[in-house]
Protein chains: 2
Amino acid sequence: MTLQTLTDASIIDALRRKRFKATSQRIAICRIALASREHPTAKRIFAEVKKTYPTVSLATVYKTLHVLKQLRLVQELAFSKGENRFDSNMEPHLNVACLQCGKVIDVNDHGARRLILKAAEKTRYTITDQRFDIYGFCEKCKARMRLTTQ
Amino acid sequence: MTLQTLTDASIIDALRRKRFKATSQRIAICRIALASREHPTAKRIFAEVKKTYPTVSLATVYKTLHVLKQLRLVQELAFSKGENRFDSNMEPHLNVACLQCGKVIDVNDHGARRLILKAAEKTRYTITDQRFDIYGFCEKCKARMRLTTQ
DNA sequence: TTAATTGCAAACTATTTGCAATAGC
DNA sequence: GCTATTGCAAATAGTTTGCAATTAA
């Protein structure tokens with residue numbers, strides 16, 4: 001499923017296929033989580049859903065994100081500090097993250113796929129998922145740091 | 001610094017160069033954290049250090065691991081559930097992890113380095129670190145699963 | 001001598017869980 | 001109608017912090 005075909009109908013469908021109830025809260029949370037390319041945190045999604053669904057709870061957001069993981073529609077990315085983030089890009093890709101501002105850029109590169117094949121070959125593991133993170137400093141933060149240290 | 005040259009003297013040296021005090025607890029924790037290839041958790045390191053240093057505290061282990069991160073001698077790997085793990089292999093490599101038993105195999109592959117260069121080029125980020133995780137099922141667990149489902 | 005570090009306990013934060021009320025199927 | 005799900009509050013787990021006593025430099 002790609003971003004273009006992501007309608008409420010397709011969300012309801014994906015939920016029902018695995019016998020999950022398509023509640024209105026769930027549909028709203030799924031819509032936001034799956035449409036975002038910003039690798040949002042649970043709290044960020046919560047804040048977004050509240051705009052149209054003021055009574056929703058953070059616990060429901062967490063529970064729905066767990067459902068989306070089971071449906072293999074999102075991946076949870078844990079970091080050594082702060083909250084986890086959720087990524088709806090399930091294709092092998094690179095997350096290039098800024099250590100200063102937290103901005104994450106997705107880079108699609110065939111090298112990622114090639115690396116997975118090689119790892120499978122060398123280890124004889126059956127591969128199901130992957131996470132390629134690259135950490136550093138984005139252009140904006142680099143410029144800002146140059147200014148503050150002069 | 002490689003595993004072969006990792007002596008107490010070199011640990012003390014690395015600490016002092018950055019003006020950290022070389023306490024006996026720190027040396028013991030560093031020795032264990034840097035020698036391990038098992039991506040240990042803080043608790044695992046704590047249990048190991050206690051064998052020779054029964055009065056050490058978990059807080060000191062965490063503080064020392066933070067020092068090792070500052071020295072760029074270990075990397076902290078967070079997962080969406082459970083404790084973080086610490087990896088003393090600082091070269092670009094793949095962590096091939098079994099989702100069933102948790103076993104992690106390091107795979108050194110030049111493709112990893114190539115991917116970092118490409119990401120830097122495309123995003124203009126200055127890259128400092130990376131983490132390449134591949135998840136799946138190891139041969140042993142696959143065999144075990146075939147047996148239990150038959 | 002003095003400033004950093006230790007070990008304890010308490011604090012903190014992100015996430016999960018139990019449960020009565022509610023809503024989908 | 002039955003069962004899953006919601007939203008609240010409380011619990012949990014991992015990690016961090018404050019502080020008096022101790023130790024390295």
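The chains referred to below are lettered A, B, ... by the order of the sequence lines, with proteins before strands, and numbering in each begins at 1. Quick caveat, the model's predicted, so the values are computed rather than measured.
- For the pair B:Lys50 NZ and C:dG7 P, the interatomic distance rounds to 11 Å; values are reported in whole Å.
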What N/O pairs connect the protein and nucleotides 23-25 of chain C at under 3.5 Å? Give each pair on its own line.
| from | atom 1 | to | atom 2 | distance (Å) |
| --- | --- | --- | --- | --- |
| C:dG24 | N2 | A:Lys21 | NZ | 3.4 |
| C:dG24 | N3 | A:Lys21 | NZ | 3.1 |
| C:dC25 | OP1 | A:Arg16 | NE | 3.0 |
| C:dC25 | OP1 | A:Arg16 | NH2 | 3.4 |
| C:dC25 | OP1 | A:Ala22 | N | 3.0 |
| C:dC25 | OP2 | A:Arg16 | NH2 | 2.8 |

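- Between A:Asn84 and the phosphate of C:dA14, there is no side-chain N or O to OP1/OP2 separation shorter than 4.0 Å.
- If you take CG of B:Leu77 and P of D:dG14, they are 17 Å apart, rounded to a whole angstrom.
- Here D:dT6 presents its C1' atom at 14 Å from CD1 of A:Ile27, a figure rounded to the nearest Å.
- Residue-to-nucleotide proximity on DNA chain D shows that, of A:Tyr53 and B:Glu83, the 5′-proximal contact is made by A:Tyr53.
- B:Arg19 comes within contact range of no nucleotide atom at all, as no heavy-atom separation falls under 4.0 Å.
- Side-chain contact check for A:Glu76 and A:Asn84: at least one donor-acceptor pair (N or O, by modelled atom type) lies under 3.5 Å.
- For B:Phe79 and D:dG14, the CZ to P distance is 14 Å, given to the nearest whole Å.
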Original post:
Can A:Ser36 and A:Arg44 be said to form a side chain to side chain donor-acceptor pair (under 3.5 Å), step by step?
Top reply: CA-CA 11 Å; A:Ser36 173; A:Arg44 189 77 200 72; over 6 Å; no
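- A:Phe46 places its CZ atom 13 Å from the P atom of D:dT6, with the value rounded to the nearest Å.
- Using a 3.5 Å distance cut-off with no hydrogens or angles, the side chains of A:Ser88 and A:Arg37 do pair a donor with an acceptor.
- At least one side-chain heavy atom of B:Phe137 sits less than 4.5 Å from a side-chain heavy atom of B:Leu99.
- Of all the residues in residues 55-67 of chain A, A:Thr55, A:Val56, A:Ser57, A:Ala59, A:Thr60, A:Lys63 reach under 4.0 Å from DNA chain D with at least one non-hydrogen atom.
- In this structure, B:Asp133 pairs ionically with B:Arg131, as a charged nitrogen and a carboxylate oxygen lie closer than 4.0 Å.
- Summarising the geometry, the separation between CZ on A:Arg26 and C1' on D:dG7 is reported as 14 Å, rounded to the nearest angstrom.
- A salt bridge is defined here as a Lys NZ or Arg NE, NH1 or NH2 lying under 4.0 Å from an Asp or Glu carboxylate O, and A:Glu91 with A:Arg113 meets this definition.
- Between the CG atom of A:Leu15 and the C1' atom of D:dA4 there is a distance of 13 Å, given to the nearest Å.
- Under the ring pair (Phe, Tyr, Trp, His ring centres under 6.0 Å) criterion, A:Phe132 pairs with B:Phe132, not counting sequence neighbours.
- For the 3.5 Å distance criterion, the side chains of A:Asn95 and A:His39 qualify, holding a donor opposite an acceptor.
- The hydrophobic clustering, which links ILVMFWY residues whose side-chain heavy atoms are closer than 4.5 Å, places A:Leu71 and A:Leu65 together.
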